[in-house]
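Below you'll find the structure, written out as structure tokens, and then a few comments.
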Amino acid sequence: MRFERRRTRRGLVAAAALPLVASALALGTQSASADPSAGRQLLSGTKPQWATAQADKGATADSAKVTVRVYLAGKDAKGLAAYAKSVSDPDSAAYGHYLTASQTQAAYGATKAQVAEVTAWLTSSGLKVTGANAHYLTVTGDVAAAEKAFGTQLHNYNKSGHTYRAPTGNASAPASLNGAVLTVTGLDTAPKKSSHDEELPPPGAVFKNAGPFSTYYGSKTDKKLPDAYGGKAPYAIQGYTGDQLRAAYGAGKYTGKGVRVAITDAFASPYIAQDAARYAKDTGGQKYKKGQLTQVLPDDYNSTVDCDAGGWYGEETLDVEAVHAVAPDANIVYVGGASCFDNDLLDALNKVVDNHLADIVSNSWGDVEANETPDIAAAYDQVFQLGAVEGIGFYFSSGDAGDNVASTGVKQADTPGNSPWATSVGGTSLAVGKNDKYQWETGWGTERAPLSADGKTWTGFPGPYTSGAGGGTSKLYDQPFYQRGVVPDSLALANGGTVKQRVEPDIAAVADPNTGFLVGQTQSYPDGSLQYSTYRIGGTSLAAPVIAGVQALSQEARHGIAIGFANPLIYDKYGTPVYHDVTDHPLGQGQGLAVVRVDYANTFDASEGTIVSLRTLGADASLHATVGYDDVTGVGTPAKGYVTSSLPPKNRH
């Protein structure tokens, strides 16, 4: 059995109002503290908050089986964090002085002696080490042995009507190991999923957009439809293409030549190569060169039903096609996870770092912060820090449910973009006009009002909130150094108290599915056939690869020198003309914005009719895009001059 948390793909918010759960990881920085009286090192955060006395249903049977991962802290965890910061900070003398993967492992990885000592401790407790790599040991055994090893009891608890196992207190490791253990994951079993080798299923059910469309923003309107905000709203575009996005974000002559971009998602589309090639050909994009698109895949897959594996194909398709559209000469490597669970996604990220597969990593998956625990957060943060030392930056979509109140009942940020070591990418609604001219952007947040039966009004105008860019203040991480003096105290202190906290996103790009990107994908039709078709799509699943593509252009402009962990540099340029400062009302206070969208009732053809609705833009739940930094778009979106604004580090040219 396998026990861990599932991550969902960011959104693939398409033309039908699909509610999407956002991103992945979260939580406060994992801390390990000594307990001298017991001779133990506490692994804080390994007891989940839901394991309360009221929910306790008694001890787990001693003979029950346990499978966990024991993550290794390495020989200099504090040194790793310090160097990751200095090598990423433009004001540091060490800025840009990256290490190779082998140098990083030698300086900060676990030693053979540490691995041997951790192994001896585990086996002496009655557990069996069944696998090991540079980052963790996979360990199996029974509950009695796990309790002995980790110094805590395991009980059964009620959570949301289900029974899960969890520690009654934080796990610990012997203090004699001198901090060699970073954390342990898998002691709690929420949720519990079976693991076995599986074949990938066919693609998900077909989705296509109905017309009419605008070819660029505002190009087509229908005078017979009701007014909105003092005039006729234009039809939604069919979907922006590479030329329009490159123009909007100031690509200029740069194409990402010589830069490698990695994409991580769960599973892998069997059709990605043919779909990407056809899409580029049909939309006038640049043809892929031999070897320009590659994949690094696991030996086996698991949890394909639980994770809706076929649905992840569209995520990979969007990510690949968006990066290529913005940076057509960049090399793309897709690194697939064996499932949508933390362990497998961490494995994918570790492959990128251990083999330095790319300098820029786009990730469109995650979860809400309340669903994360510090044990897994520690493992993610360690990967991000190792990447920073090597000059690798990780870009995560910020979420597709705004402040998350509508979807969870609680205002909260998303993960893993809340990590101080990741770049959180927010979302906008984008207007690109005739001749690829940038017109404006507003924060992505949508309200929907259907056309009345008589066609004379928009029912319930402006209608309920449907989706929008994620953002907000973390309850788990303190404010990182690069946000000081930029993020308003009203946001940094939004959770109350006196300690300023991490706010996301950091930067933004187009995400609104009503002003989204055109993709081409093989999909499953009702008659059982597989057919290629195009459709418009959005979500911060789009924003993340777009920013990854823009960063590839910027790295090319730096003569190929890696940007690495980008946040210090992103904030260093705050308030300059290289950003579009995005607000809720780009055309003036009180001037509303909307588009008309027509959807197939059955999602793929007109046989069952169409649905016409008005989509109001710039209304992101309780979040607002304001002048300056905000929790919808961060510092803003790349403008003309952004790509060439990042000078390479001194002594590195």
Side-chain angles (χ1 to χ4, degrees), residues 25 69 71-75 80 83-84 87-88 96-112 115 131-138 182 256 258-268 272-273 289-301 316 319-320 323 327 330-339 342-365 379-396 416 421-423 544-545 548 551-552 555 560-566:
L25 158 196
R69 280 188 179 184
Y71 281 89
L72 304 168
K75 62 185 179 184
L80 170 63
Y83 195 67
V87 79
S88 306
H97 290 268
Y98 305 121
L99 304 182
T100 65
S102 59
Q103 288 172 331
T104 300
Q105 181 61 29
Y108 303 110
T111 65
K112 290 182 179 180
V115 174
N133 61 24
H135 304 284
Y136 59 83
L137 305 178
T138 303
L182 175 69
V259 181
R260 294 174 299 169
V261 178
I263 294 165
T264 72
D265 286 312
F267 309 106
I272 188 60
K289 300 178 180 67
K290 184 177 181 180
Q292 188 178 358
L293 173 60
T294 59
Q295 290 185 302
V296 176
L297 305 179
D299 293 331
D300 297 305
Y301 298 99
E316 178 186 358
D319 294 351
V320 168
V323 169
N331 291 319
I332 300 173
V333 54
Y334 175 78
V335 186
S339 79
D342 284 313
N343 280 352
D344 291 323
L345 291 167
L346 277 164
D347 284 346
L349 295 173
N350 278 322
K351 285 179 183 178
V352 176
V353 173
D354 293 346
N355 301 285
H356 203 132
L357 297 178
D359 298 324
I360 297 164
V361 191
S362 178
N363 314 273
S364 295
W365 44 267
Y380 278 107
D381 285 346
Q382 185 186 61
V383 178
F384 301 152
Q385 290 171 4
L386 290 169
V389 167
E390 294 181 27
I392 300 171
F394 297 87
Y395 300 81
F396 280 88
W421 298 101
T423 299
Q551 293 296 81
Q555 183 164 317
I561 296 174
I563 295 169
F565 173 48

Please step through side-chain contact (heavy atoms from CB on, under 4.5 Å) for the pair Val296 and Val333, ending with a clear verdict.
CA-CA 7 Å; Val296 176; Val333 54; 3.8 Å; yes
Sub-3.5 Å donor-acceptor pair from the side chain of Asn363 to the main-chain atoms of Val361, do we have one?
yes
Validation row: His356, Ile392 side chains within 4.5 angstrom (heavy atoms):
yes
In Å, rounded to the nearest 0.5 Å, how long is the span from CG of Asp265 to CD of Glu316?
6.5 Å
In sequence, state the C-alpha distance, the side-chain angles, and the governing distance for Tyr108 and Leu99, and then conclude on side-chain contact (heavy atoms from CB on, under 4.5 Å).
CA-CA 11 Å; Tyr108 303 110; Leu99 304 182; 4.0 Å; yes
Would you compute the distance between atom CD1 of Ile332 and atom CD1 of Ile360 and round it to the nearest 0.5 angstrom?
11.0 Å
Strictly distance-based, threshold 3.5 Å: is any side-chain N or O of Asp344 a donor or acceptor partner for the main-chain N or O of Asp347?
no
Of all the heavy-atom pairs spanning Thr100 and Gln103, show the shortest one and how long it is.
N-OE1, 2.8 Å
With side chain to side chain contact (heavy atoms under 4.5 Å, CB included) as the test, pick out the partner of Gln555 among Ile561, Val259, Val261.
Val259
Taking the side chain as every heavy atom from C-beta outward, state whether Trp421 and Gln382 have any atom pair closer than 4.5 Å.
no
What's the separation between atom CZ in Phe394 and atom CG in Leu349, rounded to the nearest 0.5 Å?
5.5 Å
What's the separation between atom CG in Leu345 and atom CG in Asn350, rounded to the nearest 0.5 Å?
11.0 Å
Checking side-chain hydrogen bond (donor to acceptor under 3.5 Å, both in side chains) for the pair Tyr380/Asp342: CA distance, chi angles, key distance, verdict?
CA-CA 9 Å; Tyr380 278 107; Asp342 284 313; 2.8 Å; yes
With a sphere of 6.0 Å drawn around NZ of Lys112, does it hold more than 12 non-hydrogen atoms of other residues, nucleotides or ligands?
no
Side-chain heavy-atom pair Ile263, Val320 within 4.5 angstrom cut-off
yes
Does a side-chain heavy-atom distance below 4.5 Å link Tyr98 with Asp359?
no
Least distance between heavy atoms, Phe396 atom then Ala422 atom
CD1-CB, 4.0 Å
Heavy-atom closest contact (Tyr334 atom, Ala266 atom, distance)
OH-O, 3.3 Å
Looking at every heavy atom in both Asn133 and Leu72, which two are closest together, and how far apart are they?
O-CD1, 4.3 Å
How far does CG of Asp354 sit from CG of Leu386, to the nearest 0.5 angstrom?
8.0 Å
Any idea which heavy atoms bring Pro298 and Tyr301 closest together, and the distance?
CG-CE2, 3.6 Å
Between Leu346 and His135, is a side-chain contact (heavy atoms from CB on, under 4.5 Å) present by the stated rule, with each step listed?
CA-CA 10 Å; Leu346 277 164; His135 304 284; over 6 Å; no
Correct closest heavy-atom pair for Tyr395 and Gly564 would be OH-O, 4.1 Å
Euclidean distance, Leu137 CG relative to Tyr71 OH, rounded to 0.5 Å:
11.0 Å
